[in-house]
Structures are given as structure tokens and as C-alpha cells.
Amino acid sequence: MSSVLLQALQTIVGESHVLSHGDLSAYERDWRGRMQGKALCVVKPRTTAEVVQVVKACAAAGVAIVPQGGNTSMVVGAVPDTSGTQVLLNLQRMNQLRALDKANLTLTAEAGCVLHHIQQAASDAGLLFPLSLASEGSCTIGGNLASNAGGTQVLRYGNARDLCLGLEVVTAQGEVWHGLSGLRKDNTGYDLRDIFIGSEGTLGIITAATLKLYPQPAAELTAWAAVPSMSAAVQLLGLAQQHLGAGLTGFEVMGQFALQLVNTHFPALHVPLWQTAAYCVLLSHSDTESETHGNAQLERLLEEALNQGCASDAVVANSLAQGRQLWQVRESISSAQAAEGLNIKHDISLPVSAIPDFVAHTDALLAKEVAGVRLVNFGHLGDGNLHYNVQCPAGTDASAFLATQEHRINTLVYDAVMKFSGSISAEHGVGSLKADTLHLYKDPVALQLMRSIKQALDPQNLMNPGRVLAVPSVAAQV
Ligand code: FAD
Ligand code: MLT
Ligand code: ZN
């Protein structure tokens, strides 16, 4: 059966775009090194018509498909399982910009377009596509939408869902839903777009999207502040919202150990003020008037923060380049953590008001329960999203630590998240890493509705099985 399918796939996309031998680890291993899968083959279609044929061929053979964009998932969402029976559908060759409508402020791009290229295309047209993540040099817009990515500008512009007006999707049956609308209003029934966004490849393949663009701000300014505690960081957020209003586009918090890791693993990056305080804050301000105006607003904000004691020291970037350097420090935390070794990630959201108490409670709990544990706490504080990550005690074996402690630590952290009315996944999704955990914490009626949607759209369970909802794949059952 598999060789017949392989031949069919070669006929559809061309022999050189079906990979089944050699080192396929770039496709089969996830970014965090948490899973090395084995694909039946990697298929790289170039057009929507080819995706249609691939899906039909796999459906006829009863073979599961794992869609993949840039393979930067943090939750092991985009690599096959170890069975060697799943087809990995990599969309990177579908990388054309189909249209840019300046008057409608929209851009239509194929799913495999790298996020940075979309930002660049918008910028070349004098406009802004605000989705921004540290992985933007390799993640794709299809993956961003499939995982409803967040990132560093959600505070002002929303997450990927809020930036998408229309989709083109190949369904599990191999039909094309032509939903590439550029309309900002369309109340003609259920919102299919919002069902596919955030579905992590479990309902269909996103092949293209129409995205919202924005006018570029007159100036982008950046500031970095040392803050004595998480409650001081929340106080500073409130002040920044008062002073900057809608101009506040990003507000990130970084714990001291997160910054120490950047300092250790990327010594060429200058990490400001990290030794002076428990946390640092990075904030960005988009000013609609001018750089001078924006800077003056930032200076006033920081002066008040220093007076009120919610910041102990602060710097305003004196150029775009210096602002970018500060952002580079923040965006290197994930890579620094990876360089330190395997780790546990908790991408959680909480009401902003609950964050100081959550952190005090959970820091103390983990310190008591797991001796020597190292917390890498940072994230998008303005969105109530913490990356409350955990590194094994210094000098211990990370794999052994994960094998014995991960489940227990997850339970401690996620129980605390529930106690403070939060969510166990803010922006990374569920993937396979959290699929077993989801049903412990999600409302049972919501889970039942999700299963009904999955059953209706993908009755054969061939679209990224085992992700989001822990329904095993057909192959895994035999
Ligand atoms: P992949 O990893 O390839 O896939 C992600 C999921 O989408 C998988 O379930 C896959 O099956 C599915 N999928 C991919 N393409 C399609 C498609 N065309 N149709 C249907 N399903 C599809 N995420 C954030 O939200 N915020 C951050 O700040 C952030 N920072 C990061 C920093 C680093 C250094 C790294 C490595 C990752 C970060 N991420 C972040 C996670 C990741 O980059 C995002 O989830 C991103 O949106 C994934 O895009 P991708 O193209 O790599 O998707
Ligand atoms: C980030 O915001 O840098 C990533 O989403 C967080 C992570 O690596 O845990
Ligand atoms: Zn993040």
C-alpha cells in the first residue's frame, strides 16, 4: 500500500518533492528536541491543486497527514509520530504573495510564506503587518494561523486570529473552501475561518490567507526597565497604559534567571540591568506623531515609574538599532533556554491582576516540592501570558529530570493556573505535548463540542491525529 501511495504522491508533486530517504530530521524532529518522529515520506506541494490531490490520495489510502510550515512549534505539533505511517505535508514551497490591496489594507499570501517575508512585503508597500515572534525568520503564516500565534504585539493588534480576514482551506475530503475574503464584516452564518484558525492542522490544510494590514506608525520607540517584583511590573504596565494608550504595542517581562541564561549563552548580546533586579521589563511604543513626541512620552512614563518605585532603573533606546538590540535580548531567551538543555514549558495565561499572586504562590510551591529547580519566567505580561518555564537543577541530567519530574511539575503548575482562573495554553497551542493534559483542565462541554467538530470535519481522523484532542491515529490503533 505505501509504495503505491508513494508513487501516487510522486506523480502529483514531482519525484524530487517527495522525500523518503536520507536524513529527514529537519522535518521529523521538533524545534525543542522533544520528539524525533518517522514519516512515511515528506511531501512538498507547490499549489493548492496539488494539496487537493495529496489529501485525496492519502484519504483513499487511509493514511494520516501531518501538516508542517516552519516546524517551530513549541508543543510538538508539526512532526509525525514514530510509526513511519504518516505523510508529512510540508507547505514551504507554497510561498507566493498573491495580492496586496493598499486601499483595503489587505495582503493575500500562500500558507508557506515565511512570516518575515510577509512583514517585509507590507513594509515595502509602506504598511505594517504586526504579527511578530522570535521565530519569524522561519515560521510560516499557515503555521501561525493554524496555531493562532501570539507574539510581542498582541497588546495592540491582537493575535494571529485577529489579523486574518479570510482563508483558503483544503478539507479532509480534498475539497477547497474558497474563503479568501477581504471583508471586515460578513455575518452570513457560522464563522468557518475561526474554526480553522487555531485548529493546529486537525481539521484541514490552510493553503492561503487574507491578512489585515495597518498604517505604519510615525516612530517606534523602545524602553527597558529594571523592576523589583512582579507586582511592580504589573504596576508599571498600568502606568504605561495610562501614559501611552493605544501607542503601547508590547510589554514584556523577563525574570532574572531568564536574562542570566541569555547572558551566559549569548555573551555578545549586552543584557542591560539584569543583575540589579528580580525582573526587567521591555516595552515598545508606536507613536503616531514623531520620534521626539514619542520619546518625551516615554521619558515622562519612566520618570513617574521611578518616582513611584515600580522601576529601579530604566533606559530608553536612543536609536532604532539600539531598540532592536534590546528586542534581540528578549527574543533570545527561548534559544538560550534550549542551549541550557531540555526543559519544561508552561505557556500560560492569567488575568493580569492575578499574576503577582500566581507567581508568589507557584514559585514557593515549586521551590518546596522540587529541590533546586530553576525557573525561567518571562513572557508577554501585557497580554497576561507568562512563559513559566522550568529548567532542571544545575548539574543534573535534563532527560532524567524530565522523565521523573515533568508530570509532577506540570500538575503543580497547571493546578495553580486553574486556582487563579487561567489557561494552560496561551499562544503555543496544544499539539501532542498537551493533548493528554487538555482534557483534565478544559470544560467537558467544550471538549465534547470540539470532538463533534472534529468528527464532522474529519470523520476518518486523518488530519494531524493525536494533536489537540487525544484521539489516537488509525495506524496507532492497529
Ligand atoms: P509549524 O511548527 O510547522 O506547525 C504548527 C502547527 O500548525 C502544527 O500543528 C502543524 O500541523 C500546523 N500547521 C502548520 N502549517 C499548517 C497549514 N498550512 N495548515 C494547517 N495546519 C498547519 N509562538 C507564539 O505564539 N508566540 C511567540 O512569541 C513564539 N515565540 C517563539 C520563539 C521561538 C524561538 C520559537 C522556536 C517558537 C516560537 N513560537 C511562538 C512558536 C511557533 O513559532 C509558532 O507556533 C508559529 O506560529 C508556528 O509556525 P510554523 O510555521 O513553524 O508552524
Ligand atoms: C517567546 O515568547 O519567546 C516564546 O513564545 C516562549 C518560549 O520559548 O517558551
Ligand atoms: Zn511567547
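Each ligand, and each atom within it, is numbered from 1 in the order the structure gives. Hydrogens, waters and symmetry mates are skipped; everything else that's a heavy atom, side chains included, is used.
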Practice problem: Measure from the ring center of His380 to the ring center of Phe251 and say whether it is less than 6.0 Å. | Solution: no
Does any N/O atom on [X] come nearer than 3.5 Å to any N/O atom on ligand 1?
| X | result |
| --- | --- |
| Leu133 | no |
| Ala111 | no |
| Glu427 | yes |
| Leu91 | no |
| Ala78 | no |
| Gly77 | yes |
| Ser73 | yes |
| Glu200 | yes |
| Asn71 | yes |

Exercise. Look at His387 and state whether any of its N, O or S atoms is less than 2.8 Å from the Zn ion (ligand 3).
Key: yes
Quiz prompt | Polar contact flag, side-chain donor to acceptor under 3.5 angstrom, Glu200-Asn464 | solution = no
Shortest protein contact, [atom] (heavy atom only):
| atom | value |
| --- | --- |
| atom 2 (O) of ligand 2 | Arg330 NH2, 2.7 Å |
| atom 22 (C) of ligand 1 | Ala146 CB, 3.4 Å |
| atom 8 (O) of ligand 2 | Ser334 OG, 2.3 Å |
| atom 5 (O) of ligand 2 | His428 NE2, 2.7 Å |
| atom 41 (C) of ligand 1 | Thr72 O, 3.5 Å |

Quiz prompt | Side chain proximity check, Gln275 to Asn263, heavy atoms < 4.5 angstrom | solution = no
Quiz item: Judging by distance only, is a nitrogen or oxygen of Lys345 under 3.5 angstrom from one on ligand 2?
Solution: yes
Exercise. May I ask you to decide whether Lys454 forms a salt bridge with Asp458, counting only side-chain N to carboxylate O separations under 4.0 Å?
Key: yes
Quiz item: In Glu427, the N, O or S atom nearest to the Zn ion (ligand 3) is which?
Solution: OE2
Quiz item: So Phe378 and His387, would you call those rings parallel, tilted or perpendicular, with 30° and 60° as cut-offs?
Solution: tilted
Self-check item: Options Ser135, Ala208, Gly70, ranked by nearest heavy atom to atom 31 (C) of ligand 1, top entry
Solution: Ser135
Practice problem: Just let me know how Asn464 lines up against ligand 1, side chain, backbone, both or neither, with a heavy-atom cut-off below 4.0 Å. | Solution: side chain
